[in-house]
Colleague: 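Okay, here's the structure, questions in a sec.
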There are 2 protein chains.
Amino acid sequence: MLPSLPALRAFDAAARRGSFRAAAEHLSVTATAISHHVRGLEEQLGVKLFERTGRDIVLTEEGRRLAETTARAFSMLEDAVQTVRRTARRVVRLAAGPIFTARWLMPRIGDFWGAHPGVQLEVAPSFRPRAHTEGDADIVVTWERVSDMPEGAVKLLELRPVAIASEQFLDRNGPIETPTDLLRAPLIHQRNQLGWLDWFAAMGVRLEEDLRGPVFEDANAILRGAADGQGAVIGWLPLIQQDLNEGRVVRLFNEEIAPTHGYFLEIASDRRAETIAVVNWLTAQRAGSV
Amino acid sequence: MLPSLPALRAFDAAARRGSFRAAAEHLSVTATAISHHVRGLEEQLGVKLFERTGRDIVLTEEGRRLAETTARAFSMLEDAVQTVRRTARRVVRLAAGPIFTARWLMPRIGDFWGAHPGVQLEVAPSFRPRAHTEGDADIVVTWERVSDMPEGAVKLLELRPVAIASEQFLDRNGPIETPTDLLRAPLIHQRNQLGWLDWFAAMGVRLEEDLRGPVFEDANAILRGAADGQGAVIGWLPLIQQDLNEGRVVRLFNEEIAPTHGYFLEIASDRRAETIAVVNWLTAQRAGSV
DNA sequence: AGCAAATGATGAGTAAAACTCATCAAAGGC
DNA sequence: GCCTTTGATGAGTTTTACTCATCATTTGCT
């Protein structure tokens with residue numbers, strides 16, 4: 001026998017936020033409602049769920065354990081309901097990183113619209129696409145090392161690292177003739193020196209210490225930085241082909257490095273016709289893209 | 001935004017049982033309530049969840065997908081709430097097979113009561129104790145081959161197989177002088193010939209074909225059958241020591257076979273003081289039991 | 001085939017929640 | 001030290017969940 005579900009939900013919201021007021025706001029009710037619900041629940045279960053220390057509340061041990069489960073259970077319900085709603089609207093939700101969205105998906109989106117007018121593609125840009133793997137997206141585009149291809153994933157695109165910068169950067173930082181020359185210049189990189197380490201390794205340079213230079217999370221920002229002459233960056237072919245063509249950035253060397261990373265598709269287990277249409281369209285783009 | 005939770009729950013119950021009427025009964029409401037809830041959900045989600053083919057209902061594809069999740073989510077909630085309720089009542093719920101319950105636990109339960117008057121031990125007898133591992137029992141006593149000790153489990157008791165029967169059986173089936181003589185007599189066994197295969201192997205008999213004879217699931221029933229002279233069975237020492245002492249059954253040989261199976265404790269992750277007390281008491285019994 | 005029993009749908013009405021409002025108490029910030 | 005913020009409480013209101021009465025369909029039975 002379950003206690004009242006709205007009460008459980010109120011408890012869950014309060015536990016997540018550590019505040020009745022915040023929970024109330026989230027559920028669009030008054031804090032009074034939450035307070036009543038939680039008290040009712042406590043009475044029914046015979047257990048104190050929150051310790052009220054004057055103005056704020058803190059979960060008791062029992063409350064904490066219950067909250068662990070309610071959080072998972074309600075998230076599951078939320079996801080499942082969302083998915084059904086999308087189904088009804090023939091929406092396919094795709095989660096991808098910002099650079100993929102901007103440099104690969106956007107240029108092709110018109111083509112998709114033409115090919116599948118009935119399917120509504122919803123793109124959720126995210127810095128952590130992996131976090132969407134469960135339930136809240138039908139397709140997730142993840143970035144992985146090509147050697148670490150995730151189980152059950154579909155390879156979409158392989159990427160080759162190239163060192164790029166703007167003309168302005170070259171003027172300012174003298175001639176760059178060998179990869180080691182770069183070590184004296186500002187190198188903008190992502191967390192984990194993503195790209196640069198592979199690139200130096202492929203160029204036969206052994207790094208003695210960590211790279212210095214500004215770290216940005218957002219690859220779009222990094223490319224923008226390169227175009228502005230802020231530093232040298234690793235770009236990924238073919239994603240940045242257009243930037244090269246239009247002269248916003250130039251390649252520092254004519255290196256031909258094998259793909260080290262790639263984009264992979266992880267597809268939700270409920271394979272609707274619309275989802276499959278999108279996957280097929282995405283993989284069909286591959287041919288023309290490389 | 002979640003739709004009304006009681007409606008989701010009504011849907012879940014209907015989906016599980018494949019009938020609005022049965023769902024209504026389970027939730028102690030009228031079938032009308034379920035019908036209204038499901039219709040409301042369908043309108044809100046914009047998706048048909050059940051196909052109504054005249055008198056009965058069948059889940060649509062979308063309904064099926066939603067039901068998969070609701071089933072898991074509501075089970076989780078139910079378990080979690082149950083656990084909290086037990087906590088409040090200082091109840092420790094233990095799931096175990098019937099033979100363990102009857103021959104090992106029952107004789108010792110008075111001792112437990114004396115040692116821990118505050119803790120209420122609730123014994124859930126089950127033919128499939130493993131099924132209780134998640135959430136609905138604090139401690140599960142599983143039966144495993146000693147070589148397959150489950151991860152994180154605590155060994156409680158090792159069991160040695162012995163061939164036993166009643167005097168009556170011996171009168172009827174002539175003298176049993178070697179293990180192979182047994183192959184001509186009715187051997188009662190559990191599914192998978194549990195016990196007999198190990199026993200014959202340990203006695204150096206290679207079986208040419210499957211064993212015949214009646215198969216029972218319930219070890220208590222099997223022991224009863226042995227006492228009644230229905231056939232020879234495998235008993236497990238020390239569980240059946242008392243039956244031997246009281247002469248209800250006799251050992252057919254004086255074999256000394258090493259333990260092949262054992263009882264293990266699997267303990268729920270939320271380790272309350274009460275649960276730990278019970279585990280400690282159980283394992284302490286081990287010394288006196290063998 | 002024909003009828004009774006079973007299942008679900010529907011709309012109106014009722015009962016029971018969930019929720020709000022007004023008021024109070026306690027605690028922390030300035 | 002006062003003002004703001006957060007939560008508690010009891011009475012009152014609104015919304016929701018549910019029931020009842022009635023109807024439509026189907027299925028099992030003889």
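Note that the structure is predicted; figures quoted are calculated from it, not measured. Protein chains get the first letters and strands the later ones, always in sequence-line order, with residue 1 at the start of each.
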Colleague: Do Gln44(B) and Arg85(A) have a side chain donor and acceptor closer than 3.5 Å?
Modeller: yes

Colleague: Just the rounded figure in Å: distance from C1' of dT16(D) to CG of Leu5(A).
Modeller: 14 Å

Colleague: To the nearest Å, how far apart are Ile57(B) CD1 and dT25(D) P?
Modeller: 18 Å

Colleague: For Thr53(A) and His36(B), find the nucleotide of DNA chain C closest to each by heavy atoms; which residue's nucleotide sits nearer the 5' end?
Modeller: His36(B)

Colleague: If you compare all heavy atoms of His116(B) against all heavy atoms of Trp281(B), which two are closest, and at what distance to 0.1 Å?
Modeller: NE2-CB, 4.3 Å

Colleague: Indicate yes or no: does Lys48(A) engage Glu43(A) in a salt bridge with an N to O separation below 4.0 Å.
Modeller: no

Colleague: How many whole angstroms separate atom NE2 of His37(A) from atom C1' of dT15(D)?
Modeller: 12 Å

Colleague: Evaluate the criterion salt bridge (charged side-chain N to carboxylate O under 4.0 Å, His left out) for residue pair Arg65(B) and Glu68(B); output intermediate values, then yes/no.
Modeller: CA-CA 5 Å; Arg65(B) 280 202 290 255; Glu68(B) 257 173 44; over 6 Å; no

Colleague: Which ones in residues 20-34 of chain B lie close to DNA chain C, meaning a heavy atom under 4.0 Å from one of its atoms?
Modeller: Phe20(B), Arg21(B), Thr32(B)

Colleague: Does the Glu62(A) side chain pair with the main chain of Val47(A), one donor and one acceptor, at a distance under 3.5 Å?
Modeller: no

Colleague: Nucleotide range of DNA chain C contacted by chain B, 5' to 3', under 4.0 Å to a heavy atom?
Modeller: dA6(C) to dA12(C)

Colleague: Has the side chain of Ser35(B) got a donor or acceptor atom that lies under 3.5 Å from a matching backbone atom of Ala31(B)?
Modeller: no

Colleague: If the condition is side chain to side chain donor-acceptor pair (under 3.5 Å), which residues does Arg39(A) pass it with, not counting sequence neighbours?
Modeller: none

Colleague: Is Thr275(A) reaching over with its side chain to a backbone N or O of Asp138(A), donor-acceptor style, under 3.5 angstrom?
Modeller: no

